[in-house]
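Read through the structure below, which is laid out as structure tokens, and then see the notes.
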Number of protein chains: 2
Amino acid sequence: MTAVGTRDLIVEKADALFYEGGFEATSFADIAAAVGISRGNFYHHFKTKDAILDAVISRRQQRTSEMLDNWQAKGAAPRDRILSFIRLLIANRIKIMAFGCPVGTLCSELAKLDHAAQHRAAEILGLFRSWLTGQFQALGIIRQAEAHAMHLLVWSQGVAVIAATFRDEAFIRREVAGIEEWLDELLVAPAVEN
Amino acid sequence: MTAVGTRDLIVEKADALFYEGGFEATSFADIAAAVGISRGNFYHHFKTKDAILDAVISRRQQRTSEMLDNWQAKGAAPRDRILSFIRLLIANRIKIMAFGCPVGTLCSELAKLDHAAQHRAAEILGLFRSWLTGQFQALGIIRQAEAHAMHLLVWSQGVAVIAATFRDEAFIRREVAGIEEWLDELLVAPAVEN
DNA sequence: ACCAGATTAGGACAAATGTCCTACATGGTC
DNA sequence: GACCATGTAGGACATTTGTCCTAATCTGGT
């Protein structure tokens with residue numbers, strides 16, 4: 001009926017609530033209140049809480065893919081594409097300082113819960129991993145491409161955890177500058193290293 | 001009565017359960033079952049769940065302090081002390097691959113819950129931060145000591161998150177080798193950088 | 001032998017949880 | 001106007017949650 005279906009609205013609100021409060025701590029009632037529908041009505045759209053989580057993960061996978069495709073389509077140099085990834089930390093710094101990385105914290109929580117969906121959540125980080133690997137390969141860095149991609153994931157996830165712990169914006173900017181410096185040093189390194 | 005008091009046993013078991021399952025997802029019943037006492041008996045030792053969390057955090061603070069003091073007392077070179085910190089990732093790799101870093105994941109969860117104890121949990125990471133800063137200073141690296149300490153925290157937290165997500169032990173070893181390399185490059189850098 | 005305090009088991013309690021059912025409203029199709 | 005699929009509200013349901021009470025048991029000191 002509505003321009004955006006109720007189902008999509010549920011997934012959108014659930015995504016935000018899972019991010020800001022955690023999956024386990026978010027109840028059906030919380031989501032229903034955020035969407036503005038009755039608790040019972042939920043059952044029509046999602047049979048279980050896990051089904052909502054599944055939809056939330058699918059939505060994140062799709063959005064991530066779209067974002068990466070957009071960066072890819074812009075025709076920018078691979079270096080600039082990698083910088084787009086790094087600067088997500090700056091662009092989302094307010095929420096990161098409050099709740100950490102939406103993907104990293106979800107993966108951590110689902111790992112602890114030993115939840116069936118943990119591998120699907122990990123795939124989101126896998127999308128970044130593959131895409132970053134591709135960027136390094138496009139730069140002629142073949143042998144170490146995957147390791148560099150993993151290192152960027154490590155660095156950004158670490159910044160997110162520490163940023164949420166100490167709530168220090170200057171720290172984020174310092175680390176991001178450090179990542180960019182690291183990247184530029186990589187790109188002028190002799191080809192034999194790659 | 002027992003060699004180790006019931007209260008201590010509760011804190012110990014709660015600590016493990018919070019780590020392996022998360023604070024929110026762990027119930028009184030879970031802890032009682034792990035300790036082997038009745039649910040009601042809990043109230044005698046801890047009035048609320050938050051009180052248990054408080055005791056767990058205190059215990060972790062104390063254990064962390066003891067560990068850092070031990071490393072300090074061993075008379076090793078600051079470089080070796082820093083290596084002890086880094087190699088925690090190797091020593092605890094099995095649990096880290098399953099549940100992440102006990103401190104980092106706790107801080108992340110409490111941040112999301114906006115829990116009153118989140119700052120006390122952050123103090124545990126603060127202990128590492130101060131201690132690492134002291135090691136760099138002992139190495140004559142003054143101006144950048146704090147930044148280097150923060151960077152080590154970032155790196156190790158990032159490794160923990162990614163290790164728990166992808167469950168890859170070889171990756172952990174590769175990153176730890178990278179951290180050690182980074183450290184050694186730091187220590188041969190011209191003093192003007194410090 | 002006795003007692004006071006500490007410790008324990010068992011369960012009560014209201015509130016919240018995820019799940020599920022039924023009845024009503026709405027809007028489009030024959 | 002009759003019909004049907006879809007969406008919605010309200011609430012039932014058993015279970016679990018954190019919290020709290022009471023009564024029994026244990027222990028160490030006198």
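Residue numbers start from 1 in every chain, and the chains themselves are labelled A, B, ... in the order their sequence lines are given, proteins ahead of strands.
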Are the side chain of B:Gln61 and the backbone N or O of B:Arg120 linked by a donor-acceptor pair below 3.5 Å?
->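 Such a contact is found between B:Gln61 side chain and B:Arg120 backbone.
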
Would you kindly give the [atom1]-to-[atom2] distance between [X] and [N], to the nearest whole Å?
| X | N | atom1 | atom2 | result |
| --- | --- | --- | --- | --- |
| B:Leu53 | D:dT19 | CG | P | 12 Å |
| A:Leu9 | D:dT8 | CG | C1' | 14 Å |
| B:Phe46 | C:dA6 | CZ | P | 16 Å |
| A:Phe42 | D:dA9 | CZ | C1' | 14 Å |
| B:Tyr43 | D:dT17 | OH | C1' | 16 Å |
| A:Arg7 | D:dT6 | CZ | P | 14 Å |

One should read off an interatomic distance between B:Phe166 CZ and A:Leu125 CG, to the nearest 0.5 angstrom, of 5.0 Å

Let me know which of B:Ile31, B:Thr26, B:Asp15, B:Ile57 forms a side-chain contact (heavy atoms from CB on, under 4.5 Å) with B:Ile52.
->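 With B:Ile52 as partner, side-chain contact (heavy atoms from CB on, under 4.5 Å) holds for just one option, B:Ile31.
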
[N] OP1/OP2 closer than 4.0 Å to side-chain N/O of [X]:
| X | N | value |
| --- | --- | --- |
| B:His44 | C:dT8 | no |
| B:His45 | C:dA6 | no |
| A:Asn41 | D:dA9 | yes |

DNA chain C: 5'-proximal contact among B:Arg39 and B:Gly36 (nearest heavy atom) =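 Between the two, 5'-proximity favours B:Gly36.
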
Relative to the 5' end of DNA chain C, which residue comes earlier, A:Thr48 or B:Ile37, by the nucleotide with the nearest heavy atom?
->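 Looking at the nearest nucleotide for each, B:Ile37 comes out on the 5' side.
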
Cation over ring, A:Arg60 on A:Phe18, under 6.0 Å and within 45°?
-> no

Among D:dG18, D:dC20, C:dT8, the nucleotide that comes nearest once only the side chain of B:Lys49 is considered = D:dG18

Of the nucleotides D:dG18, D:dG7, D:dA9, which one has an atom closest to the side chain of A:Ser38?
-> D:dA9

Taking atom types as modelled and ignoring hydrogens, do the side chains of B:Glu66 and B:Asn70 form a donor-acceptor contact shorter than 3.5 angstrom?
-> no

May I ask you to check whether B:Gln135 and B:Gln72 show a side-chain donor-acceptor distance below 3.5 Å?
->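 A donor-acceptor contact under 3.5 Å links the two side chains.
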
Is any NZ, NE, NH1 or NH2 atom of the basic residue among A:Asp184 and A:Arg79 found under 4.0 Å from an Asp or Glu carboxylate oxygen of the other?
->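 Salt bridge present between A:Asp184 and A:Arg79.
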
Of all of residues 11-34 of chain B, which get a heavy atom below 4.0 angstrom from DNA chain C, listed by number?
->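 Contacting residues: none.
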
